[in-house]
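Here's the structure we're looking at; comments come further down.
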Amino acid sequence: MTLNNFNVELFLRDYWQQKPLLIRNALAEWSNPLEPDELAGLACEPEVESRLVVGAQGSWAVEHGPLAEARFAALGQEPSTLLVQAVDHHVPEVAALLAPFRFIPNWRIDDVMVSYATDGGGVGPHFDQYDVFLIQGHGRRRWRVGQMCNDNSALLPHEELRLLTEFHATDEWLLEPGDILYVPPRIAHDGVAVGDNCMTYSIGFRAPSRHELITSFADDLVSEMEDDDRYADPGLAAQTNPGEISAAALAALHEMVTEKLADRNAFAKWFGAFSSTSKYPEIDWKPQESVEAAQLQSWIANGEPLTRNPASRFAFVRQDGGAVLLFVDGECFETAGEAAAFAELLCAQDAMIVDPDLIQSDTTMTLLVQLYNQGSIAFYQED
Ligand code: SIN
Ligand code: CO
């Protein structure tokens, strides 16, 4: 699947992280990959994150999933929007929507959220911290985009929806199925369904905050520190004023902190694991029966395709000398040689036929067995 009327280089140069872009008829052969009933079914599952927003301009009420099946039948005439996160984790046809956006690194991708709205439904004017591609999947939605916001932008006193008090529209479009609207972080936007059965697929990205980078990296570093790793001052010079924290002491103390934070290798290992941790790590995707290498070898020899779990996150970091650190679902695998080449391939494609020669590679087979047994990959017999 590729995007029509879209040039990756121009988009990255002139729009990404800068300004909204409407891509008309981006998906020409578009066919809606999900039925509203299936979406409603997901919203009833306890492990799926979902929200139901009922009401329109001025009075929005939010309910959190899992929703009871009866809730949908009880919805009255008021406009409503059902929003379900990470539908790509559960529906391969929705995961396939990520394919045209793979020019952006895996670690920046968050999930595909799907919304279903009745006529007039919407979540109100707001801004998000993240980039998003809004694919119009079914029905029509009027999108308005507006001003650049920040943490000081005035919000309505609403407990859960971060609704803007002011909205200064700069553009307005009516999106039809197959159209895509890109909205950069912090740009005000407001989408209202025009007619019933309005489905929107949001390809959402993520960007770590400095706060979470520092706190999480520091947490990781301190977990390995010894109690006797302490400040020491042999050769201490007598001080004229005992109240002074000397420049020399401060320099040594500061060095104790920055030396650890500046360790690039430790940072790369930590960040790979941190950013590849799955969005919902509490969901157990392990296979019912774990396998040994012989089983995988026979599947590979039979040409059965390997598929990545759409809920899994794959990334790698190149190291000196051709070694590769592969990160999958928070686990780090140190690979070299054939296994390193395979690790890179696995990060580039969400499905593949494994080269049968790799059956002979013990390191690759060990890697595959671990990935299979942790639920990050599967092998499917094509019918
Ligand atoms: C929606 O799909 O209705 C809302 C998406 C968004 O504004 O972020
Ligand atoms: Co939004």
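One-based numbering along the sequence shown.
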Problem set entry | Pairs satisfying side-chain hydrogen bond (donor to acceptor under 3.5 Å, both in side chains), at least one member in residues 37-52, at least two apart | Glu49-Tyr280
For this session: Give the ring-plane orientation class for Phe103 versus Phe101, where under 30° counts as parallel, over 60° as perpendicular and anything between as tilted.
Result: tilted
Exercise. Is the side chain of Arg206 donor-acceptor paired with the backbone N or O of Arg108 at a distance under 3.5 Å, no angle test?
Worked result: no
Exercise. How long is the span from the CG atom in Leu371 to the CG atom in Asn309, to the nearest 0.5 Å?
Worked result: 11.0 Å
Problem set entry | Heavy-atom closest contact (Ala266 atom, Asp263 atom, distance) | N-OD1, 3.0 Å
Exercise. Can any side-chain N or O of Thr170 pair as donor or acceptor with the backbone N or O of Val145 at less than 3.5 Å?
Worked result: yes
For this session: Apply side-chain contact (heavy atoms from CB on, under 4.5 Å) to the pair Leu368 and Phe342, showing each step before the final yes or no.
Result: CA-CA 10 Å; Leu368 281 167; Phe342 177 73; 3.6 Å; yes
Problem set entry | Stepwise side-chain contact (heavy atoms from CB on, under 4.5 Å) test for Trp173 and Asp179 | CA-CA 10 Å; Trp173 302 282; Asp179 292 344; over 6 Å; no
For this session: Using a strict 4.0 Å threshold on nitrogen-to-oxygen distance, state whether Lys260 and Glu224 make a salt bridge.
Result: no
Exercise. Taking everything shown except Gln239 itself, do over 12 heavy atoms lie less than 6.0 Å from its CD?
Worked result: yes
Exercise. What heavy-atom pair brings Asp14 and Lys19 nearest, and what distance separates the two atoms?
Worked result: O-CE, 3.2 Å
Problem set entry | Worked verdict on Arg140 versus Asp119 for salt bridge (charged side-chain N to carboxylate O under 4.0 Å, His left out) | CA-CA 9 Å; Arg140 300 192 296 169; Asp119 189 23; over 6 Å; no
Exercise. If every non-hydrogen atom of Pro177 is compared with every non-hydrogen atom of Gly139, which pair is closest and at what distance?
Worked result: CD-O, 3.4 Å
Exercise. Heavy-atom count around His168 NE2 within 6.0 Å, excluding the residue itself: above 12?
Worked result: yes
Exercise. Among Asp233, Asp228, Asp227, which residue meets the salt bridge (Lys or Arg N to Asp or Glu O under 4.0 Å) test with Arg230?
Worked result: Asp227
Problem set entry | Straight-line distance of Leu306 CG to Leu346 CG, nearest 0.5 Å | 6.0 Å
For this session: For the pair Phe205 and Phe133, name the ring-plane relationship: parallel under 30°, tilted 30 to 60°, perpendicular over 60°.
Result: perpendicular
Problem set entry | Separation between NE2 of His189 and CZ of Phe167, rounded to the nearest 0.5 Å | 8.5 Å
For this session: Please answer whether the main-chain N or O of Gly243 pairs with a side-chain N or O of Asn241 as donor and acceptor at a distance below 3.5 Å.
Result: yes
For this session: For residues Ala117 and Ala193, report the shortest heavy-atom separation together with the two atoms involved.
Result: CB-CB, 3.8 Å
Exercise. Between atom CG of Leu213 and atom CG of Leu261, what is the distance when rounded to the nearest 0.5 Å?
Worked result: 11.5 Å
Exercise. Step by step, would you call Val87 with Val112 a side-chain contact (heavy atoms from CB on, under 4.5 Å)?
Worked result: CA-CA 6 Å; Val87 176; Val112 183; 5.5 Å; no
For this session: Take Trp299 and Tyr372 through the test ring pair (Phe, Tyr, Trp, His ring centres under 6.0 Å) and record every step on the way to the result.
Result: CA-CA 12 Å; Trp299 286 338; Tyr372 183 93; 5.7 Å; yes
Problem set entry | Phe314 with Val354, same ILVMFWY side-chain cluster at under 4.5 Å | yes
Exercise. Is Leu253 reachable from Met225 through a run of I, L, V, M, F, W or Y residues, each pair having side-chain heavy atoms under 4.5 Å apart?
Worked result: no
Problem set entry | Check: His138 side chain, Asn197 main-chain N or O, donor-acceptor pair, under 3.5 Å | yes
Exercise. Roughly how far, to the nearest 0.5 Å, is CG of Asn4 from CG of Asn25?
Worked result: 6.5 Å
For this session: Return yes when atom CZ of Arg318 has more than 12 non-hydrogen atoms of other residues, nucleotides or ligands closer than 6.0 Å, and no otherwise.
Result: no
Exercise. Can you get from Leu34 to Phe72 by hopping between Ile, Leu, Val, Met, Phe, Trp and Tyr side chains that sit under 4.5 Å apart?
Worked result: yes
For this session: Apply the test ring pair (Phe, Tyr, Trp, His ring centres under 6.0 Å) to residues Trp107 and Phe327: give CA-CA distance (whole Å), side-chain angles for both, the deciding distance (0.1 Å), then the verdict.
Result: CA-CA 10 Å; Trp107 71 266; Phe327 300 97; over 10 Å; no
For this session: May I ask you to check whether over 12 heavy atoms, not counting those of Glu63, lie within 6.0 Å of atom CD?
Result: yes
Exercise. Would you call the rings of Trp270 and Phe217 parallel, tilted or perpendicular, where under 30° means parallel and over 60° means perpendicular?
Worked result: tilted
Exercise. Would you say Leu164 and Leu155 make side-chain contact, with heavy atoms under 4.5 Å?
Worked result: yes
Problem set entry | More than 12 heavy atoms of other groups within 6.0 Å of Asp362 CG | no
For this session: Inspect the surroundings of CD in Glu282 and state if more than 12 heavy atoms from other residues, nucleotides or ligands are less than 6.0 Å away.
Result: yes
Problem set entry | Donor-acceptor pair, side chain of Ser115 and main chain of Met199, under 3.5 angstrom | no
Exercise. So how far is it from His211 NE2 to Ser216 OG, rounded to the nearest 0.5 Å?
Worked result: 8.5 Å
For this session: Report yes or no: do Leu10 and Leu22 belong to one cluster of Ile/Leu/Val/Met/Phe/Trp/Tyr joined by side chain heavy-atom distances under 4.5 Å?
Result: no
For this session: Following the transitive rule for hydrophobic clusters with a side-chain heavy-atom cut-off under 4.5 Å over Ile, Leu, Val, Met, Phe, Trp and Tyr, establish whether Trp143 and Val53 coincide in one cluster.
Result: no
Exercise. Is the backbone N or O of Asp329 less than 3.5 Å from a side-chain atom of Gln374, with the two atoms forming a donor-acceptor pair by type?
Worked result: no
Exercise. Is there a donor-acceptor pair under 3.5 Å between the side chain of Trp60 and the backbone N or O of Gly122?
Worked result: yes
Problem set entry | Donor-acceptor contact below 3.5 Å, side chain Arg313 vs main chain Gly330 | no
Exercise. What do the steps show when you test Thr200 against Gln136 for side-chain contact (heavy atoms from CB on, under 4.5 Å), and what is the final call?
Worked result: CA-CA 5 Å; Thr200 304; Gln136 190 58 28; 3.3 Å; yes
For this session: Step through the shown structure and confirm whether more than 12 heavy atoms of other residues, nucleotides or ligands are within 6.0 Å of CD1 on Ile245.
Result: no
Seminar exercise, completed: With Glu172 as partner, the option from Arg144, Arg142, Arg141 fulfilling salt bridge (Lys or Arg N to Asp or Glu O under 4.0 Å) is Arg142
Exercise. Do side-chain atoms of Gln18 reach the backbone of Arg13 as a donor and acceptor pair under 3.5 angstrom?
Worked result: yes
For this session: For Arg162, look at atom CZ and say whether over 12 heavy atoms of other residues, nucleotides or ligands are found less than 6.0 Å away.
Result: no
For this session: Of all the heavy-atom pairs spanning Leu97 and Pro33, show the shortest one and how long it is.
Result: CD1-CG, 4.2 Å
For this session: Kindly give the heavy-atom pair with the smallest separation between Pro66 and Cys44, and that separation in Å.
Result: CB-O, 3.6 Å
Problem set entry | Candidate list Tyr130, Tyr15, Phe11, test ring pair (Phe, Tyr, Trp, His ring centres under 6.0 Å), partner Tyr182, passing option | Phe11
